[in-house]
Amino acid sequence: GLGDVYKRQFIEMAAADPSRNFVGIEVHEPGIGKCAYMAGTQNLTNVKIINGDAIQLLKQLPEQHIDRIQLYFPDPWQKKRHYKRRFVSTERMAIVTRSLKSGGWFHTATDWEHYAFWMLEVLDHVPGLSNQAGAGQFTPRPDFRPMTKFERRGIDRGHGVWDLIFIKN
C-alpha cells in the first residue's frame, strides 16, 4: 500500500513525468481517496489508483504489460516466521517478471539492511532479471525517486538506504 509519505512521493513522480502513466496500488480505501485528492489538486491525468493486492492484480495482467514496477520501503517483516509475507520472494518475483516488458524495470528501495541483502540475494537468482549495477551490487538512488523527509532524516543520522534496479532480459 501507499503510506502517506509514499503517496506524496508517488504524486511527485507522476507530476515530474507527465508522459508516463502511474498506477498506484493501495489496500486501504481512505488512502485511495487521499491519493486521488492529491492527484486532483495538481490536475494530474496520468495517475490511476487501484484498490487491491498487487500480486493478485499482476496475475490478472497480460504477460509483458508493464514498463516499471516500483516498490519503495516495503514492510520488511522482521520476524523470521513472517519472512514468507515479504513482497520480494522467489514466487512473487516470478509473477513480477512475467508482468514486465522486455527491458522493463523492477526497482525497490529499503532502509532495512537485512531486508536489502535478502532482496539482493533473491533478485540476483530470479531467471530473466539482471541487476543493473551488476550481480551482488546496489544502485545509487536515482534522481527520479524523490527522497522523503524520513529518508533524509535517517541518512543524516547515519542510517543507510539501499536501492536495487533489476531489468528484464
Are any non-hydrogen side-chain atoms of [X] and [Y] less than 4.5 angstrom apart?
| X | Y | result |
| --- | --- | --- |
| Leu129 | Asn169 | no |
| Leu120 | Asn131 | yes |
| Lys7 | Glu26 | yes |
| Glu121 | His125 | yes |
| Ser99 | Thr97 | no |
| Val88 | Leu71 | yes |
| Glu12 | Gln9 | no |

Which residues share a ring pair (Phe, Tyr, Trp, His ring centres under 6.0 Å) with Trp112, sequence neighbours left out: none
Ring pair (Phe, Tyr, Trp, His ring centres under 6.0 Å) partners for Phe73, two or more places apart: Tyr6
Enclosure of Asp156 CG (heavy-atom neighbours >12, cutoff 6.0 Å): yes
Side chain to side chain contact (heavy atoms under 4.5 Å, CB included) partner of Val96, the single match among Thr108, Ile69, Val126: Ile69
Working for side-chain contact (heavy atoms from CB on, under 4.5 Å), residues Leu164 and Thr110: CA-CA 9 Å; Leu164 289 164; Thr110 184; over 6 Å; no
Qualifying ring pair (Phe, Tyr, Trp, His ring centres under 6.0 Å) pairs with a residue from residues 52-72, counting only residues at least two apart or across chains: Tyr72-His107
Centroid-centroid distance, Tyr115 to Tyr83, less than 6.0 Å: no
Qualifying side-chain hydrogen bond (donor to acceptor under 3.5 Å, both in side chains) pairs, either residue in residues 132-142, two or more places apart: none
Pairs meeting criterion side-chain hydrogen bond (donor to acceptor under 3.5 Å, both in side chains) with involvement of residues 52-64, two or more places apart: none
Can you name the salt bridge (Lys or Arg N to Asp or Glu O under 4.0 Å) partners of [X], sequence neighbours left out?
| X | answer |
| --- | --- |
| Asp75 | none |
| Arg145 | Glu151, Asp163 |
| Lys48 | none |
| Asp111 | none |

Cation-aromatic face contact Arg20/Phe144, 6.0 Å, 45 degrees: no
Geometric cation-pi criterion, Arg68 with Trp105: 6.0 Å, 45°: yes
Please output the side-chain donor-acceptor pairs of residues 35-44 that fall under 3.5 Å, not counting sequence neighbours, one pair per line with the distance.
residue: Thr41; atom: OG1; partner: Met38; partner atom: O; Å: 2.8

Side chain to side chain contact (heavy atoms under 4.5 Å, CB included) partners of Arg157, counting only residues at least two apart: Arg153, His159
With sequence neighbours excluded, residues passing side chain to side chain contact (heavy atoms under 4.5 Å, CB included) with Asn21: Asn46
